[in-house]
**Q** 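One structure, pasted below without further comment.
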Amino acid sequence: MDIAVTKKKLGLKERYALMTRGLGWEPTYQSVDDVFPMDSFEGIKIHDWDAWEDPFRLTMDAYWKYQAEKERKLYAILDAFAQGNGHLTLSDARYINTVKLFINGLAPLEYMSHRGFAHIGRQFRGVGPRVACMMQSLDEMRHAQTQVHAISNYNRYYDGMANFRHHHTYLPYLQVPRSFFEDAASGGPFEFITAIGFAFEYVLTNLVFVPFISGAAYNGDMGAMTFGFSAQSDEARHMTLGLEVIKFMLEQDPDNLPIVQKWLNKWTWRGVRVLTLVAMMQDYMLPKRVMSWAEAWEIYFEENCGALFRDLARYGIVMPPCVEQVRKERDHLSHMAWCQFYQARGTNNFHVWLPSKEDMDWLSAKYPETFDQYYRPRFEYWAKMEEEGTPFEAATPPQQCQVCQIPTIFPVAGDPLTRAEHSCTHDGERFHFCSQWCQEIFEDEPEKYVQAKLGAHELYKGNLFGDADPTAEDFDPMAAAMAFLKLTPEDSGLHSDSRDAANFDLWRGLAKANEA
Amino acid sequence: MTIIANAPYDFTSNDRQEDFRGAMLVYVGWARHMMFASPYCWPLPPDMPFGALVEGPMAQAFAQHPDWEQADWSTATWTRNGEPFTPDLSKSLADNGLSHKDSLMFTTPGLDGIGGMGF
């Protein structure tokens with residue numbers, strides 16, 4: 001028989017200290033600089049790591065408990081969704097393409113974020129930020145997993161999702177989000193946390209989550225909505241951490257200000273360029289729309305982030321100058337992006353369509369300054385070409401920006417009919433950019449961006465042929481590239497011609513009516 | 001500026017001309033014809049006549065636009081990387097002074113896209 005031992009219970013504060021800061025130790029047979037070799041080369045000066053204020057009071061044992069509870073709820077709903085053929089309750093089959101964009105474009109970024117936070121959770125010499133980064137690393141892993149699990153319910157029935165990991169690595173349009181995160185992950189720990197923890201998770205997070213998660217709720221996607229809500233309390237923690245890191249750097253040494261400002265300028269722009277995909281999704285891909293990109297920008301950037309930057313002004317931080325251009329592009333961004341995806345549809349792994357008359361009326365109401373003048377005539381002309389049986393499609397790969405990797409689709413800000421051209425030479429080679437801002441990012445670290453793998457160039461170098469023999473007599477380069485990319489004809493093209501559209505109608509019909 | 005790194009940082013560019021097996025990359029866009037969402041990209045032999053670029057790859061990319069057949073190459077104006085440029089259509093790309101990854105933009109006076117809307 002066990003003898004009961006009376007244990008002294010720890011107070012909350014004591015327990016917290018022991019379970020976080022108490023987990024660190026002073027090395028004795030190695031110097032601290034050798035143990036943490038990566039947290040000083042970027043030039044950020046930290047004099048007192050103990051001045052770090054933990055932005056949330058969470059210990060590992062409590063963390064497991066909360067997350068396990070959330071998982072139980074999430075998987076109960078996902079199971080119910082799958083067993084009840086939840087995919088047939090969607091507003092419209094076009095919505096599924098939003099899910100494809102999410103699994104291919106965003107879920108792999110959660111995993112990248114997991115890796116990035118695991119890395120910096122090792123590299124910061126302060127115990128407080130290390131513990132916080134470790135928890136965020138686990139959150140991000142959980143988000144990637146739950147997203148993959150939730151969306152696997154769609155993958156059983158629809159195209160374009162089965163190869164999401166391979167497509168994220170190789171498909172040209174997915175190089176935009178992928179290169180964004182690789183750029184951050186290949187920076188030092190302070191740049192990474194500024195890029196992801198602050199610029200992406202704090203400044204831009206609502207512009208990502210509201211369209212996708214509210215979009216899911218509006219369009220009957222219980223699965224995506226649930227993982228969104230399950231991630232929400234984590235996101236709140238991530239935002240607090242991002243902001244705390246910025247304040248910590250700025251309070252520790254005045255020399256940190258120009259470095260932090262440079263990163264904010266860079267990562268606000270990099271983030272907004274990635275959000276081109278979200279803007280397009282919001283305005284064109286949701287059958288039942290939540291709000292326009294322009295409205296989301298006004299609320300979540302101009303109002304919320306305007307207040308944030310005013311708050312940071314006391315440290316000397318100013319609004320990134322690129323925001324002026326984002327404002328000028330606000331009423332053009334989603335339209336230009338959809339025009340690009342429509343014509344490059346042979347290399348997408350989701351389907352596209354021309355907006356209906358009703359869609360276009362919504363767009364002209366939301367974009368009275370631009371839609372009818374510039375974009376409605378384009379869609380009407382292309383609709384005529386579709387009707388005539390000669391749909392417009394680009395047969396040639398586009399020029400891409402060396403930094404954000406988006407095709408150079410952007411016009412001169414304020415002059416929507418003139419294409420912006422920005423280029424420079426480095427080491428005798430010419431490089432092209434979508435904008436002055438991407439060019440400035442390149443010129444700050446050209447040695448990094450000359451290594452970019454751009455889709456068209458990789459194709460032309462023969463890097464997308466897999467095991468096929470380019471010297472064989474019957475070699476078909478496009479067929480070899482499609483095989484290597486694992487892109488099937490069912491994955492791409494027009495929604496109206498797709499197997500997804502046909503199956504959705506068939507299955508929904510069977511679910512709602514009796515067979516004759 | 002140069003990169004700040006914690007170790008020697010020496011990597012070659014990913015897109016040097018020698019990586020394209022003798023070809024050079026050329027980008028071409030058509031001003032005031034926004035139907036084409038961006039300039040396009042081709043690997044071309046440097047000894048290809050400029051006229052063959054117009055009649056071959058460019059025609060293939062741009063001929064879906066009804067303005068293409070009306071384009072008058074004797075009045076068309078060009079820029080290269082944003083600077084004025086006057087190609088000789090009978091000479092090769094190399095003899096026209098084109099370099100790897102040059103970006104050309106051409107304007108066809110009098111042709112202003114569908115309905116004159118720059119599209």
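Quick caveat: nothing in here was measured; it's all calculated off a predicted structure. Chain naming here is simple, since letters A, B, ... match the order of the sequence lines and numbering starts at 1 in each. No hydrogens, no waters, no symmetry mates; every other heavy atom, side chains included, goes into these values.
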**Q** With a 4.5 Å cut-off on heavy-atom pairs, point out which of B:H33, B:H100, B:M35 contacts chain A the most.
**A** B:M35
**Q** Against chain A, work out which of B:T2, B:T12, B:N14 has the most heavy-atom pairs shorter than 4.5 Å and name it.
**A** B:N14
**Q** If you tally heavy-atom pairs under 4.5 Å against chain B, which of A:H426, A:R378, A:E445 wins?
**A** A:R378
**Q** Examine whether an atom of B:A31 lies under 4.5 Å from a heavy atom of chain A, and if so say whether it belongs to the side chain, the backbone or both; otherwise answer neither.
**A** neither
**Q** With the side chain counted from C-beta on, respond yes when B:M117 and A:L417 share a heavy-atom pair under 4.5 Å apart, and no when they do not.
**A** no
**Q** So, for B:P39 and A:T408, which heavy atoms are closest and what is the spacing to 0.1 Å?
**A** CD-OG1, 3.3 Å
**Q** For the candidates B:G82, B:A5, B:G115, which exhibits the highest count of non-hydrogen atom pairs separated by less than 4.5 Å from chain A?
**A** B:A5
**Q** Below 4.5 Å from any heavy atom of chain B, which atoms of A:S423 appear? Answer side chain, backbone, both or neither.
**A** side chain
**Q** Tell me, side chain or backbone of A:A452 under 4.5 Å from chain B's heavy atoms, or both, or neither?
**A** backbone
**Q** Are B:N6 and A:P37 close enough that some pair of their side-chain heavy atoms sits under 4.5 Å apart?
**A** no
**Q** Heavy-atom pairs under 4.5 Å with chain B - which of A:E458, A:Q340, A:H432, A:K453 has more of them than the others?
**A** A:H432
**Q** At a 4.5 Å cut-off on heavy atoms, which part of A:E443 comes close to chain B: side chain, backbone, both, or neither?
**A** backbone
**Q** With only heavy atoms counted, which part of B:Y40 is less than 4.5 Å from chain A, the side chain, the backbone, both or neither?
**A** both
**Q** How long is the straight-line distance from CG of B:D10 back to CD of A:E447, given to the nearest 0.5 Å?
**A** 9.0 Å
**Q** Taking the side chain as everything from C-beta on, heavy atoms only, tell me whether A:E421 gets closer than 4.5 Å to B:E83.
**A** no
**Q** Determine, step by step, whether A:V450 and B:F11 satisfy the side chain to side chain contact (heavy atoms under 4.5 Å, CB included) criterion, reporting the C-alpha distance in whole Å, the side-chain angles of both residues, the deciding distance to 0.1 Å, and the verdict.
**A** CA-CA 8 Å; A:V450 298; B:F11 298 95; 5.9 Å; no
**Q** When you measure from the side chain of A:Q399 to the backbone N and O of B:S38, does any donor-acceptor pair fall under 3.5 Å?
**A** no
**Q** Within this structure, what is the CZ-CG distance for the pair A:R430 and B:L25, rounded to the nearest 0.5 Å?
**A** 13.5 Å
**Q** Would a distance-only check, ignoring hydrogens and angles, find a side-chain to backbone donor-acceptor pair under 3.5 Å from A:R419 to B:A37?
**A** yes
**Q** If you count heavy atoms of other groups shown closer than 6.0 angstrom to CZ of B:F119, is the number above 12?
**A** yes
**Q** Is chain B contacted by the side chain of A:E380, its backbone, both, or neither, given a heavy-atom distance below 4.5 Å?
**A** neither
**Q** Mind checking the CD-CD1 spacing from A:E191 to B:I4? Nearest 0.5 Å is all I need.
**A** 9.5 Å
**Q** Does a salt bridge link B:R16 with A:E429, judged by any charged N lying under 4.0 Å from a carboxylate O?
**A** no
**Q** Measuring heavy-atom distances to chain B, does A:Q451 have an atom under 4.5 Å in its side chain, in its backbone, in both, or in neither?
**A** both
**Q** Starting at CE of B:M34, measure out to CE of A:M336 and round the result to the nearest 0.5 Å.
**A** 7.5 Å
**Q** For A:E388, look at atom CD and say whether over 12 heavy atoms of other residues, nucleotides or ligands are found less than 6.0 Å away.
**A** yes
**Q** Output the option from A:Y374, A:F431, A:Y449 having the highest count of non-hydrogen pairs under 4.5 Å with chain B.
**A** A:F431
**Q** Centroid separation under 6.0 Å, is that true for the rings of B:F36 and A:F392?
**A** yes
**Q** Apply salt bridge (charged side-chain N to carboxylate O under 4.0 Å, His left out) to residues B:D15 and A:K461 and explain how you reach the verdict.
**A** CA-CA 9 Å; B:D15 292 322; A:K461 278 187 288 192; 2.9 Å; yes
**Q** Output the distance between atom CZ (B:R21) and atom OH (A:Y460), rounded to the nearest 0.5 Å.
**A** 12.0 Å
**Q** If you count heavy-atom pairs under 4.5 Å with chain B, which of A:A395, A:A456, A:P397 comes out on top?
**A** A:P397
**Q** Measuring from atom OG1 of A:T418 to atom CZ of B:R32, what distance do you get when rounded to the nearest 0.5 angstrom?
**A** 6.5 Å
**Q** Side chain, backbone, both or neither: which part of A:H457 has a non-hydrogen atom closer than 4.5 Å to chain B?
**A** both
